[in-house]
Amino acid sequence: MTTRSIALLRVVHQSPGVTRADAARLLGVGTGAATELVTKLSRAALLVQGPAAPSGSRGRPTTVLLPHPRGPLALAVAITHEAWRVEAVELGGRSAAALSGRHAGTTWPEVRDAVRGALQELRLRYAHRPRAVGVSVPGTVSRTHRLEAVGVGWHDVDLTELWPDAEVFTAGNDATLAATAESRRGAAAGASMALHLRIEAGLGGAVVEDGRTVIGARGAAGEFGHMPFGDPAVRCPCGARGCWGVAVDGHALARLLGEPLPADPITYARRVITAAAARSEPTAGAVPELAAVRTVAATLGRGIAGLVNALDADLVTLGGLGADLLATVPEEITTAYRDGLMSIHRAAPPPIVPAALGDHGPIAGAAEQAWSALLPRLA
Ligand SMILES: [Zn+2]
């Protein structure tokens with residue numbers, strides 16, 4: 001398989017349904033060469049040609065390029081604090097099948113066995129088609145695929161146990177992978193320096209520069225939640241004081257409301273934000289939920305300003321509870337954000353927008369990471 005074949009597969013992966021003519025233009029090859037490449041990739045069961053949807057305009061009929069119905073699949077896995085999901089993902093990002101389950105404070109061996117069973121089921125169902133696996137986890141992942149997930153108490157876990165003899169194995173942090181997905185197929189497509197922030201139990205994220213996600217020397221970059229934008233009186237589970245993550249999550253809301261720290265801070269925060277949303281009409285008086293949500297939102301906006309100043313980001317996407325906060329109290333976030341921006345950014349503040357992929361971001365990113373590693377091997 002030539003470099004050009006791989007480049008064509010990459011184009012179809014990014015834009016399934018691209019016309020053959022547009023794909024040729026993107027590759028910088030002539031019509032004849034494109035037809036030849038497409039024929040070769042069709043014979044290799046990687047692509048099929050389909051009729052283009054009628055455009056209404058006159059002209060020669062064109063064909064579109066689609067993933068082959070018997071082509072390779074990447075198995076994408078997302079493990080969260082309370083659930084797991086496995087999807088079989090085609091070239092182009094469409095999910096052909098999904099299996100999922102819940103776990104509650106479970107030990108790693110139990111979660112591992114459940115996910116391994118789901119992967120085996122999909123490998124049986126699709127025979128030779130699954131060629132790669134990508135895993136999203138709520139923790140930091142080393143370059144040798146070892147996981148530290150303090151929130152769920154999993155230490156030095158070997159993620160390759162999920163599919164030990166996989167041809168292609170990739171894994172990453174959920175917020176980092178959500179950032180990757182957001183830049184490939186979401187709200188950050190086309191940004192040159194995109195900052196993605198995701199609030200769940202704490203705050204994570206990543207910087208994507210020209211489509212490349214910055215993961216750091218050990219794969220642990222993007223731990224923005226542990227920058228000291230929070231209250232110096234509050235100690236974070238990481239050991240430091242004043243962390244930003246514990247000033248914008250469910251625990252922060254509980255502290256502001258004088259309630260005990262919730263066992264499930266994500267569900268708790270959603271409930272408080274929903275209660276605040278119901279009372280955010282201008283006529284409503286001050287209610288504790290709304291005041292707490294506004295405080296957290298201002299802390300979020302101020303920290304985003306600091307990161308935009310430091311990174312010169314041109315777009316900020318917010319996922320998880322960050323998107324809920326942006327929908328509920330946008331003024332508190334943007335006021336604190338603009339106040340914290342250097343004057344060089346004030347004339348045209350980089351937009352803060354909700355992540356387009358929502359809760360699907362981490363698994364979509366896991367699929368993207370696996371496909372990126374698999375594409376060059378489709379020889
Ligand atoms: Zn911390």
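As the structure lists them, so they are numbered: ligands from 1, and atoms in each ligand from 1. As a basis for the values below, the full set of heavy atoms in this structure was taken, side chains included, without hydrogen atoms, waters or symmetry mates. In this chain, numbering begins with 1 at the start of the sequence shown.
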Carboxylate-amine/guanidinium proximity below 4.0 Å for Arg271 and Glu289: no
Metal site the Zn ion (ligand 1), protein N/O/S atoms found under 2.8 Å: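 Considering protein N, O and S only, the Zn ion (ligand 1) has 4 within range.
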Ring geometry between His103 and Trp154 (parallel below 30°, tilted from 30 to 60°, perpendicular above 60°): tilted
Residues Glu36, Lys40; criterion salt bridge (Lys or Arg N to Asp or Glu O under 4.0 Å); working and verdict: CA-CA 6 Å; Glu36 213 170 284; Lys40 193 172 75 172; over 6 Å; no
Ile304 side, atom CD1; Asn309 side, atom CG - distance, nearest 0.5 Å: 12.0 Å
Between OG on residue Ser5 and CG on residue Leu375, distance to nearest 0.5 Å: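 Reported value, rounded in 0.5 Å steps: 11.5 Å.
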Residues forming a salt bridge (charged side-chain N to carboxylate O under 4.0 Å, His left out) with Glu223, sequence neighbours excluded: none
